[in-house]
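Note on naming: letters A, B, ... go to the chains in the order of the sequence lines (proteins, then strands), and numbering restarts at 1 for each one. As the structure is a computational prediction, the values presented were derived from the model and not from experiment.
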Number of protein chains: 2
Amino acid sequence: MPRPATGRKKEAILDAATVEIAAHGYHGTTVAMIARRAGVADGTIYLYFSNKEEILISLFERAMDLFTAQGARELAGLPGPRERLVRIVELHLELVGADRDLAIITQVELRHSLHFLDQLSRDRVGAYLQAMAAVIAEGQACGLWRCDLDATFLAKAVFGVLDEMATDWVLSRRNTRLQARADAVVGFVLGSLRPQA
Amino acid sequence: MPRPATGRKKEAILDAATVEIAAHGYHGTTVAMIARRAGVADGTIYLYFSNKEEILISLFERAMDLFTAQGARELAGLPGPRERLVRIVELHLELVGADRDLAIITQVELRHSLHFLDQLSRDRVGAYLQAMAAVIAEGQACGLWRCDLDATFLAKAVFGVLDEMATDWVLSRRNTRLQARADAVVGFVLGSLRPQA
DNA sequence: CAGCTTTGACTGAATACTCATTCATTAATG
DNA sequence: CATTAATGAATGAGTATTCAGTCAAAGCTG
């Protein structure tokens, strides 16, 4: 191997790790398996990642960066909180549903240990929840949605629904598309936010 | 120690495993750690469980049996679907919130591998979801709740909300009680089920 | 440009562990 | 005594990580 564009290997390692970890789980995947699939030597992994766990973290961060980038881009143009929330729901299901291997990792493998989940939750997912809560608060402020429940609470509830749909899809063997549930979820969520009678 | 009441040790091992796994995670807990806390020898564990994973499974099944037993008992006396669903929400939060160590295991540690989660999901959690869907379908049948969404879907959505609240509580460091969120969750869930305007 | 030097990305066998599981032995019991 | 629960040291399989060495390319020099 001469001196090929550095950075290609890092991507190759992350791609290989996604496939292997989705198939065998984090603990069932050895560093050697990832190296083999990526077409690099075991040691090469350690030129790009300081340890096995960092591969998993990088995987998640790469995915989350794409997610938030696309989210920010798409939401910018939308006029009201209703349109934005609907788009958030659609995007969530669309992006998680786009790559089953990655979905297995985000919905199952990443929920490893308290310490791990705690850290992820606090950082990236926390920001996502806050963004959702802001949209909901806006809808509350203009009288569109119920105000008897806290926007942060409502955001968590909506996230819970989305997350459960995603996990259910990952675990279901049938060959459905996650996106197909978007209408039902939108119906549920908008229903739940209507002002109380 | 030769022949003391058999069965006590099994419980002791499960209790010890709950504490250790909650503190260090499943993979961070060694069989020796569980044995030490339970006050038995390493080998004794294998008189009661065929391997380490079976300890985790037994743990979950013991908890789930208590859960469904109490659920069945409490729901029997309630007149309508509304009362039953409210009680399901309250019980879910009450029982998960009653033991933080156990909650760490059900909300975090058990979600380890696809294979594992898949199996649990299909069996015990599947039965729980079906019971909830039955209550919702009943409410739909008597015109109490919206009929434009499938009862099975609605049950999953409600479960998602409950599960997210539980996970959020487990990860939050503040010393709140999970039960304290019951009113908000009930408000959200009943709101989401109202018939569409 | 032709030889020479330097570089550092890459390799993969060897290391240095950790732990689940076993089983020969011990001791309580009826 | 015979039986059997219980023990815990020994085993050995499995694997993350290291590191001494390789070699293609880039830089240097006259």
Checklist entry - Touch check for A:Thr30, heavy atoms < 4.0 angstrom, all strands: base, sugar-phosphate only, or nothing? => result sugar-phosphate
Checklist entry - Between A:Lys52 (NZ) and D:dT18 (P), how many Å, whole number? => result 15 Å
Checklist entry - Which one, C:dT21, C:dG12, D:dT7, comes nearest to the side chain of B:Ala41? => result D:dT7
Checklist entry - Would one find more than 12 heavy atoms of other residues, nucleotides or ligands at under 6.0 Å from atom CZ of A:Arg100? => result yes
Checklist outcome for this item: Atom OH of B:Tyr48 and atom P of D:dT4 are separated, to the nearest Å, by 14 Å
Next on the checklist: How many whole angstroms separate atom NZ of A:Lys9 from atom P of C:dG8?
Outcome noted: 17 Å
Checklist entry - Taking atom P of C:dT21 as reference, at what distance in whole Å does atom CG of B:Asp42 sit? => result 12 Å
Checklist entry - In terms of side-chain heavy atoms of B:Tyr46, which of D:dT17, C:dC10, C:dA20 is nearest? => result C:dA20
Item to check | A:Gln107 vs A:Thr167, side-chain hydrogen bond (donor to acceptor under 3.5 Å, both in side chains): CA-CA, chis, key distance, verdict | outcome: CA-CA 6 Å; A:Gln107 300 304 124; A:Thr167 301; 2.9 Å; yes
Checklist entry - A:Leu47 has an atom CG; how far is it from atom P of C:dT11, in whole Å? => result 9 Å
Checklist entry - Expressed in angstrom and rounded to an integer, what is the separation of A:His27 atom NE2 from D:dA16 atom C1'? => result 12 Å
Next on the checklist: Counting the atoms with a prime plus P, OP1 and OP2 as sugar-phosphate, which does B:Thr29 contact under 4.0 Å by heavy atoms, base, sugar-phosphate, or nothing?
Outcome noted: sugar-phosphate
Next on the checklist: Can you measure A:Ile45 atom CD1 to C:dT11 atom P for me and round it to whole angstrom units?
Outcome noted: 10 Å
Checklist entry - Taking NZ, NE, NH1 and NH2 as the nitrogens, is one of them in B:Arg111 or A:Glu109 under 4.0 Å from a carboxylate oxygen of the other? => result no
Checklist entry - Does NZ or CZ of B:Lys10 lie under 6.0 Å from the centre of the six-membered ring of B:Phe49, at an angle within 45° of the ring axis? => result yes
Checklist entry - Between atom CD in B:Glu53 and atom P in C:dC19, what is the gap in whole Å? => result 17 Å
